[in-house]
Asks: 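I have a structure here, written as structure tokens, and I will follow up with some questions on it.
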Amino acid sequence: MNKLSLVLVSTTAAVFLVWLLVQYSNQQMVSVVPPSPLFKDVTASIEDRIENLLSYMTLDEKIGQMTLVEKNSLKDISDISQYGLGALLSGFGGKPENNTIDGWKEMVEGFKVEAIKSRLGIPIFYGVDAIHGHSNVPGFVVFPHAIGLGATGDPDLVREVAVATRDQLLATGVNWNYSPTYDLPQDIRWGRVYETFSDDPTLTGVLGSAYIEGLQKNGKNEKYISVLATPKHFIGLGSMQWNTSSNENFKIDQGTTLADEAALRQIYLPPFKQAIDTGVMSIMVGLNKWGETKIAAESNLINKVLKEDLGFTGFVVSDWYGVYEITENDYDSAVIAINAGVDMVMLPFDYKAFVKNVRRAVSRGEITESRINDAVRRILRAKFAAGLFDLEPEKIVEINLIEQQALARKVVAESAVLLKNKNKLLPLSPSAKKLYVAGASADNVGLQAGAWTIEWQGIDGNWLPESTSILAGIKSVASANTEIIYSAEAEFGSNTEKADIGIAVVGEKPYAEGWGDNPNPSLSAEDLDLIERLKLVSNKVVVVLVTGRPLIITEQLESWDGLMVVWLPGSAGAGVADVLFGRKAFTGKLPMPWPANIKQLPIGTDGNTSDGSEVLFERYFGLRY
Ligand code: BGC
């Protein structure tokens with residue numbers, strides 16, 4: 001052997017030795033699981049079952065449980081069992097190719113079956129945003145967005161909506177819902193106002209708990225949670241400052257919450273406390289910042305306030321790409337978030353890199369094994385509580401469409417708020433001879449359902465099955481003696497006899513999240529012109545606002561005879577007609593103050609405007625007839 005070969009051989013041997021060493025240090029002991037391990041014993045306590053299962057898990061299997069992957073990012077379905085993923089989700093619009101109830105069921109069940117092929121057979125959660133019904137799926141009833149539920153102020157009704165949503169989810173195999181929303185909106189310019197019940201922490205706590213009870217209630221076996229609820233977003237959302245968004249496309253969404261810890265504890269914490277007392281097992285941290293720090297990095301708020309002080313024993317999940325926005329470096333971000341108390345990381349994109357990073361952080365002692373164990377215990381606690389190890393994966397129920405439609409219609413009617421009723425214009429008289437109906441939202445279920453309906457940013461038109469537009473509802477409820485003439489543009493011709501009443505159904509186009517941040521939420525020039533045209537051909541005009549938030553209408557209000565806001569009612573447009581025609585009395589109340597102008601923003605949860613002037617309508621205002 002010459003000198004060169006000797007050098008080559010010894011270098012190769014050295015490299016091989018180093019490689020062996022690295023492999024050895026990465027090696028994780030795999031414990032053999034006996035045929036009937038304690039964790040499978042339904043009679044054992046949840047805590048014993050958790051400890052038993054944990055004792056068999058390798059570090060990689062634990063990290064897998066902390067990993068939540070968007071289904072469209074899955075490189076290969078076998079990664080679910082290969083990595084032992086903790087959960088999957090459909091980001092909104094993440095639908096199966098066959099977007100039907102059956103298509104969903106097949107897709108979700110396929111993922112569940114793959115999960116239990118892993119060495120330990122740990123089942124997964126499958127999560128969606130069923131924030132107004134399981135509105136991902138054509139054919140299901142779409143309920144009003146949360147702001148409408150807030151306007152009903154009725155926890156029993158909200159519980160019923162949550163039960164109906166639970167059934168829709170179960171019918172597609174989904175067992176985790178990113179709802180209800182606990183944000184408290186103080187600035188109507190924010191694009192997520194309609195996802196909230198109210199700016200009132202007390203009402204939010206009461207309705208939120210009712211929703212959690214409905215969603216989690218297992219009709220067959222009370223011992224188990226049915227669909228896991230997720231109050232979101234922890235904490236301080238709704239009080240971000242305008243123009244502080246960390247997203248260059250947005251203005252206030254993902255912005256900075258200025259409240260100090262005392263204010264957060266006093267205003268934002270009580271509803272979360274109530275949710276924990278109601279038995280919630282997962283909570284989502286928001287995409288906002290507190291000072292300069294992303295909430296997902298706030299150990300003081302997550303570890304200390306939420307887990308230690310409130311005694312939350314479930315798991316904390318991060319929101320979308322939030323963890324990766326903590327720093328510019330994915331490794332550091334993952335370390336910071338996990339150490340701050342995030343237990344499951346939502347990874348819309350690259351989960352393989354995350355698993356590697358966390359493994360490396362543990363080997364370097366930057367994340368302790370006890371922190372990993374704590375996170376996994378919390379996730380497993382929720383899985384045992386939901387009976388994932390004990391019940392048949394197929395928990396399909398029959399949906400009673402007629403009952404759900406009737407419920408949605410009732411909620412729509414009870415969420416409508418009457419704001420002006422000059423000379424008792426409403427209820428509309430059955431003896432009215434002629435009604436004009438106009439406006440882009442009159443005959444468009446897509447607009448009345450708002451965003452988070454089939455697509456993240458919503459849909460346009462009347463193609464949603466089993467739905468009724470507001471116009472169709474008016475036609476079905478009005479008396480046979482009343483002629484109803486519709487023109488979306490209010491082009492009724494000037495030579496015809498005036499209508500008794502003109503109904504203008506106008507408002508906002510769908511938007512989701514920061515895409516709905518709007519410096520001046522008000523009616524468009526087209527809508528205002530349309531109302532003017534309608535006034536010329538009608539003796540009286542009532543304006544029906546289809547909107548996700550209060551709009552600035554101070555200057556126009558005087559010239560309208562009637563005004564009602566129906567929020568984003570969803571698929572049961574006939575509920576609007578029920579209150580218009582007096583089939584049902586108005587009972588809705590504004591769940592938040594209605595500002596007179598933009599200078600009043602933000603409005604504190606105590607109702608105080610920024611400039612000290614009076615709002616147009618106070619929170620809980622609502623006329624009766
Ligand atoms: C939203 C969350 C939602 C998540 C998953 C995020 O963009 O902020 O509210 O639950 O997406 O779809």
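Note that ligands are numbered from 1 as they come in the structure, with each ligand's atoms numbered from 1 the same way.
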Asks: If you round to the nearest 0.5 Å, how far is OG1 of T244 from CZ of F250?
Replies: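 Going from CZ on F250 over to OG1 on T244, the span is 13.0 Å.
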Asks: To the nearest 0.1 Å, how far is atom 7 (O) of ligand 1 from its closest protein heavy atom, and which atom is that?
Replies: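 Ranked first by proximity to atom 7 (O) of ligand 1 is E513 OE2, 2.9 Å.
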Asks: Heavy-atom contacts with M284 under 4.0 Å: which atoms of ligand 1 show up? List them by number with element.
Replies: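 Result: 10 (O).
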Asks: Hey, could you give me each pair passing side-chain hydrogen bond (donor to acceptor under 3.5 Å, both in side chains) that has a residue in residues 331-349? Not counting sequence neighbours.
Replies: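 side-chain hydrogen bond (donor to acceptor under 3.5 Å, both in side chains) check on residues 331-349 returns K307-D343, T327-S333, Y331-R364, Y331-E366, D343-R371.
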Asks: Any carboxylate oxygen within less than 4.0 angstrom of a Lys/Arg side-chain nitrogen, looking at E455 and K95?
Replies: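 K95 and E455: salt-bridged.
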Asks: Quick one: do D309 and K304 make a salt bridge, cutoff under 4.0 Å?
Replies: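 Looking at K304 together with D309, the answer is yes, because their closest N to O distance falls below 4.0 Å.
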Asks: Starting from atom 10 (O) of ligand 1, which protein heavy atom do you reach first, and at what distance in Å?
Replies: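 Among all protein heavy atoms, the one nearest atom 10 (O) of ligand 1 is D129 OD1, 2.6 Å.
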Asks: Please report whether ligand 1 has a polar contact with K232, defined as an N or O pair separated by less than 3.5 Å (distance criterion only).
Replies: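 Looking only at distances, the answer is yes, because the N/O contact criterion of under 3.5 Å is met.
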Asks: Below a 4.0 angstrom heavy-atom separation, can you tell me which part of R192, side chain or backbone, both or neither, approaches ligand 1?
Replies: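 Just the side chain.
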Asks: Could you establish whether H233 and ligand 1 come within less than 4.0 Å of each other, counting only heavy atoms on the residue side?
Replies: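 Flag set, H233 near ligand 1.
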Asks: Please check this pair: side chain of S198 against backbone of P591, looking for a donor-acceptor N/O pair closer than 3.5 Å.
Replies: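 Flag set: sc S198 to bb P591 pair under 3.5 Å.
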Asks: Considering non-hydrogen atoms of the protein only, which is the closest contact for atom 2 (C) of ligand 1, and what is the distance?
Replies: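 Scanning the protein heavy atoms, the shortest distance from atom 2 (C) of ligand 1 goes to D319 OD1, 3.3 Å.
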Asks: Under a 4.0 Å threshold between the charged nitrogen and the carboxylate oxygen, would R192 count as salt-bridged to D183?
Replies: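 Not counted as a salt bridge, because no side-chain N and carboxylate O are separated by less than 4.0 Å.
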